[in-house]
Amino acid sequence: PYLKKVEIKNYKTHRNTRIVFTDGINSIVGPNGVGKSNIIEAIIFALGERSLKTFRASSYNDLVYNNRKDIDLSVTLYIVDKDGNEHKFKRVYSPKKGGHKYRYNGKRVSRGSYIINLMKLGGEGFKYVYIQQGDILNKANATPRDIKNLVDDAL
Amino acid sequence: PYLKKVEIKNYKTHRNTRIVFTDGINSIVGPNGVGKSNIIEAIIFALGERSLKTFRASSYNDLVYNNRKDIDLSVTLYIVDKDGNEHKFKRVYSPKKGGHKYRYNGKRVSRGSYIINLMKLGGEGFKYVYIQQGDILNKANATPRDIKNLVDDAL
Amino acid sequence: RERVFMEGFNKLKNRFNELFKEVFPGSKAYIELEDPENIDSDILVYIEFKDKPKLPLSALSGGEKTAIILMLLLSIYSIGEDTVFLLDEVDAHLDIRNIENMSKVIRAQKKYNQIILVTLPGHDSMISIADHIIAVAYRNGVSKVFTLSKEYMERMIRE
Amino acid sequence: RERVFMEGFNKLKNRFNELFKEVFPGSKAYIELEDPENIDSDILVYIEFKDKPKLPLSALSGGEKTAIILMLLLSIYSIGEDTVFLLDEVDAHLDIRNIENMSKVIRAQKKYNQIILVTLPGHDSMISIADHIIAVAYRNGVSKVFTLSKEYMERMIRE
Ligand SMILES: Nc1ncnc2c1ncn2[C@@H]1O[C@H](COP(=O)(O)OP(=O)(O)OP(=O)(O)O)[C@@H](O)[C@H]1O
Ligand SMILES: Nc1ncnc2c1ncn2[C@@H]1O[C@H](COP(=O)(O)OP(=O)(O)OP(=O)(O)O)[C@@H](O)[C@H]1O
Ligand SMILES: [Mg+2]
Ligand SMILES: [Mg+2]
């Protein structure tokens, strides 16, 4: 599968951002502080990540545009599976209502369903490898055991 | 105090390197893999560092030029104190003899003496801050507690 | 189970050696099970660059480590062909020649995986290999994002 | 003891704000004891860039974090004036403008501390501020190192 499009609403510096990706090489470029890593974080957020450390935050409210309490944060992913079918995944965080909502193809689902749909997408699941900014040298310092585990998981 | 000169013999890629520094800005420059970080490591080695992880090594033999057993690794620092006096610090690792030797101003001393001479150099001691390659973002992720400790140590 | 692992492991090694030979001709790479008889043992990675001793990955320079781990990860995930790469400024420690080397390796990877990478202006090779360039700016308190397709830009240039 | 800490802490804050105003005009920085009454409490660092919300250091972008922590470290150690800085590729995540900003900050630091830094070719500002340029190359299995003093190079240019 590949990620075709992402719509970001109120995630950090992204009030209303729409990006179309291609099943090839996509380069996000710009100077320091413009919101490049924020795009990657928004994608990871919509894929279900819950570790606030990954988002450089101490609470989900930190992720909302200008830390506002009156707007909702939502990230929508359009993923195309190997048969060419498009799947829509949307995760919403609402400071007002204080929780997360998950939608798959427009229909409200539990978090569990949402994650399962990602894992069995078109038969093979949406898999990704994320190298966080500053982490590449740590990855290179992996032990022989870490590398074995990495290969096992991928195979 | 400042570091005026360093002589590196058989430290990793440095068979016989001599560098003169100035009490100002010194920029070490070159492409990947030429031996820039090795220079910084050699200086840290001569300052008494013992954590092999800092040297990207699992044993001191890994630090010797081409992992040879028949040559000695030595790094000599010439440090000028605030009164303008020059102090010579030399640390030697010998794979053959299997240990470290320390020399202060040409005279063989214990490691303890060597470290004490560095700490009381010309009354104020040689202090340094080392930011390892790839570590700057980790430093920036310091907790408020870490920052307090840092300020306390420096004051 | 042993056969499945060895098949995948050999595929990975072949792909890695292909990339490695291209980027570092004259150098050698060793990716081996610590105990060749035991498929559950650790995996050792040793590199012998031209005119340099054979060393473990952990002993290499910042730029060398980056190049090796990138090629290793790309090789590992080229096998399943369904993994999407999200790479945030992985070229931070590469000199200009290695940025170009890695950009060619990444471009060759697109027949196996989708790649979404973040880079700084100035790392031209990482921008030139893109099928879509996502330009990000910050104005009036908000990120402004423009998606430019290479195809569109080439058509613009022709007209 | 309380007086010694507060004196040093205020010096540090003044030095930091001096640097910060220079590099980020229109932005604000807050370095405060969590409990202003207790000199043993934690130190909080918050930054409010122009047109951006007030955020802790940990929430900033890679380049922003680098700039702030560098200026903070330089400010902390400018007080004793006897600390030598060994900086290995700290400019890895900086864009061209911030590399130049940080090079100016580092150059201003030399009246307090000796600085030995490592950088890649291409980061010109980090090379142009040097009093000594230590050029490193690798040939015939060995590092070759040349020390060039700015003074010598300027004399060469004049002749
Ligand atoms: N809740 C928020 N609302 C608005 N802006 C925020 C919020 N949280 C963080 N930011 C801003 O987002 C910016 C960081 O964006 P990001 O990390 O995406 O930058 P970047 O383009 O990756 O830069 P770099 O090249 O330096 O890594 C910071 O300047 C920060 O002020
Ligand atoms: N014992 C040794 N003998 C000879 N060479 C060694 C030894 N140990 C490490 N090396 C070599 O030292 C090189 C690393 O040098 P160093 O880390 O100083 O590079 P660098 O100039 O900092 O590069 P980068 O810009 O990529 O960080 C590696 O290529 C490695 O092969
Ligand atoms: Mg970033
Ligand atoms: Mg290095």
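Convention: sequence-line order gives letters A, B, ...; per-chain numbering from 1. Side chains are part of it too, since the values below use all heavy atoms of this structure and drop only hydrogens, waters and symmetry mates.
In this structure, D:Thr66 and B:Leu137 approach most closely via the heavy-atom pair OG1-CD2, 3.7 Å. Shortest non-hydrogen contact noted between D:Leu86 and B:Tyr128 is CD1-CD1, 3.8 Å. Annotation for B:Phe21 and D:Ile134: closest pair CE2-CD1, 3.6 Å, computed over non-hydrogen atoms. Closest non-hydrogen pair, B:Tyr65 versus D:Gly141, comes out as OH-O, 3.2 Å. D:Ile76 and B:Ala154 get closest at one heavy-atom pair: CG2-CB, 3.3 Å.
Using a 4.5 Å heavy-atom threshold, the side chains of B:Gln133 and D:Val118 count as separate. Side-chain contact between D:Tyr77 and B:Leu150 is present, with heavy atoms from C-beta onward closer than 4.5 Å. Annotation: side chain of B:Ile39 is in contact with side chain of D:Val136 (closest heavy-atom distance under 4.5 Å). Counting heavy atoms from C-beta outward, B:Arg18 and D:Val145 have side chains that stay 4.5 Å or more apart. B:Ile28 places none of its side-chain heavy atoms less than 4.5 Å from the side chain of D:Thr119. With contacts defined as side-chain heavy-atom distances shorter than 4.5 Å, the pair B:Val29/D:Ile133 qualifies. Two residues are said to be in side-chain contact when any heavy atoms from C-beta on lie closer than 4.5 Å; B:Asn141 and D:Lys65 meet this criterion. Looking only at side-chain heavy atoms (C-beta outward), D:Phe85 and B:Ile131 stay at 4.5 Å or farther from each other.
Environment of NZ in B:Lys88: sparse, with no more than 12 heavy atoms of neighbouring residues, nucleotides or ligands closer than 6.0 Å. When the shell of 6.0 Å around CD1 of B:Ile115 is examined, it contains more than 12 heavy atoms from other residues, nucleotides or ligands. By the neighbour-count criterion of 12 heavy atoms within 6.0 Å, atom NZ of B:Lys9 is densely surrounded, having more than that number from other residues, nucleotides or ligands. Counting non-hydrogen atoms of other residues, nucleotides and ligands closer than 6.0 Å to CD of B:Glu49 gives a total above 12. Applying the 6.0 Å contact sphere to NZ of B:Lys82 captures more than 12 heavy atoms from other residues, nucleotides or ligands. Applying the 6.0 Å contact sphere to CZ of D:Arg97 captures no more than 12 heavy atoms from other residues, nucleotides or ligands.
At least one donor-acceptor pair closer than 3.5 Å links the side chain of D:Ser143 to the backbone N or O of B:Val34. D:His132 contributes a side-chain N or O that, together with a main-chain N or O of B:Val20, makes up a donor-acceptor pair within less than 3.5 Å. Using a distance-only test at 3.5 Å, with no hydrogens or angles considered, no donor-acceptor pair links the side chain of B:Thr22 to the main chain of D:Asp131.
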(message) With side-chain contact (heavy atoms from CB on, under 4.5 Å) as the criterion, how do B:Ile25 and D:Gln109 come out once you've worked through the C-alpha distance, each side chain's angles and the decisive distance to 0.1 Å?
(response) CA-CA 9 Å; B:Ile25 314 283; D:Gln109 192 73 15; 5.8 Å; no

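Ranking B:Gly125, B:Gly30, B:Pro144 against chain D, the residue ahead of the rest is B:Pro144, based on heavy-atom pairs under 4.5 Å. Here D:Val142 is the residue among D:Val142, D:Asn113, D:Leu73, D:Leu33 with the most heavy-atom pairs under 4.5 Å with chain B. Counting heavy-atom pairs under 4.5 Å between each of D:Leu12, D:Thr83, D:Asp42, D:Ile69 and chain B puts D:Asp42 at the top. When the candidates D:Pro121, D:Ser58, D:Gly8 are compared by the number of heavy-atom contacts under 4.5 Å with chain B, D:Pro121 comes out ahead. With chain D as the partner, the residue from B:His14, B:Lys139, B:Arg15 showing the most heavy-atom pairs under 4.5 Å is B:His14. Note on D:Asp40, D:Val4, D:Val45: by heavy-atom pairs under 4.5 Å with chain B, the leading option is D:Asp40. Counting heavy-atom pairs under 4.5 Å between each of B:Thr143, B:Val129, B:Ile136 and chain D puts B:Val129 at the top. Of all the listed residues (D:Ile79, D:Ile129, D:Leu117), the one sharing the greatest number of non-hydrogen pairs under 4.5 Å with chain B is D:Leu117.
Heavy atoms closer than 4.5 Å to chain D are found in the side chain of B:Ile40, but not in its backbone. Both the backbone and the side chain of B:Ile147 come within contact range of chain D, judged by heavy atoms closer than 4.5 Å. Looking at B:Thr17, the atoms closer than 4.5 Å to chain D (heavy atoms on both sides) all sit in the side chain, from C-beta outward.
Remark: the B:Ser37 side chain and the D:Asp88 side chain contain an N/O donor-acceptor pair separated by less than 3.5 Å.
For the atom pair D:Ile127 CD1 and B:Ser27 OG, the distance stands at 7.0 Å (nearest 0.5 Å). The structure places CZ of B:Arg145 at 9.0 Å from CD of D:Glu34, a figure rounded to the nearest 0.5 Å. Rounding to the nearest 0.5 Å gives a distance of 12.0 Å between CD of B:Gln132 and CD of D:Glu89.
Applying the side-chain contact (heavy atoms from CB on, under 4.5 Å) test between B:Asn26 and each of D:Ile116, D:Ile115, D:Val84 identifies D:Ile116 as the sole match.
Note that B:Lys148 lies in the cation-pi zone of D:Phe5, set by a 6.0 Å cut-off to the ring centre and a 45° limit from the axis.
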Would you be so kind as to tabulate the donor-acceptor pairs closer than 3.5 Å made by side chains of residues 147-154 of chain D, with sequence neighbours excluded?
| residue | atom | partner | partner atom | Å |
| --- | --- | --- | --- | --- |
| D:Ser149 | OG | D:Tyr152 | N | 2.9 |
| D:Lys150 | NZ | D:Ser128 | O | 2.4 |

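Contacts between residues 1-8 of chain B and chain D, counted as heavy-atom pairs separated by less than 4.5 Å, involve B:Pro1, B:Tyr2, B:Leu3.
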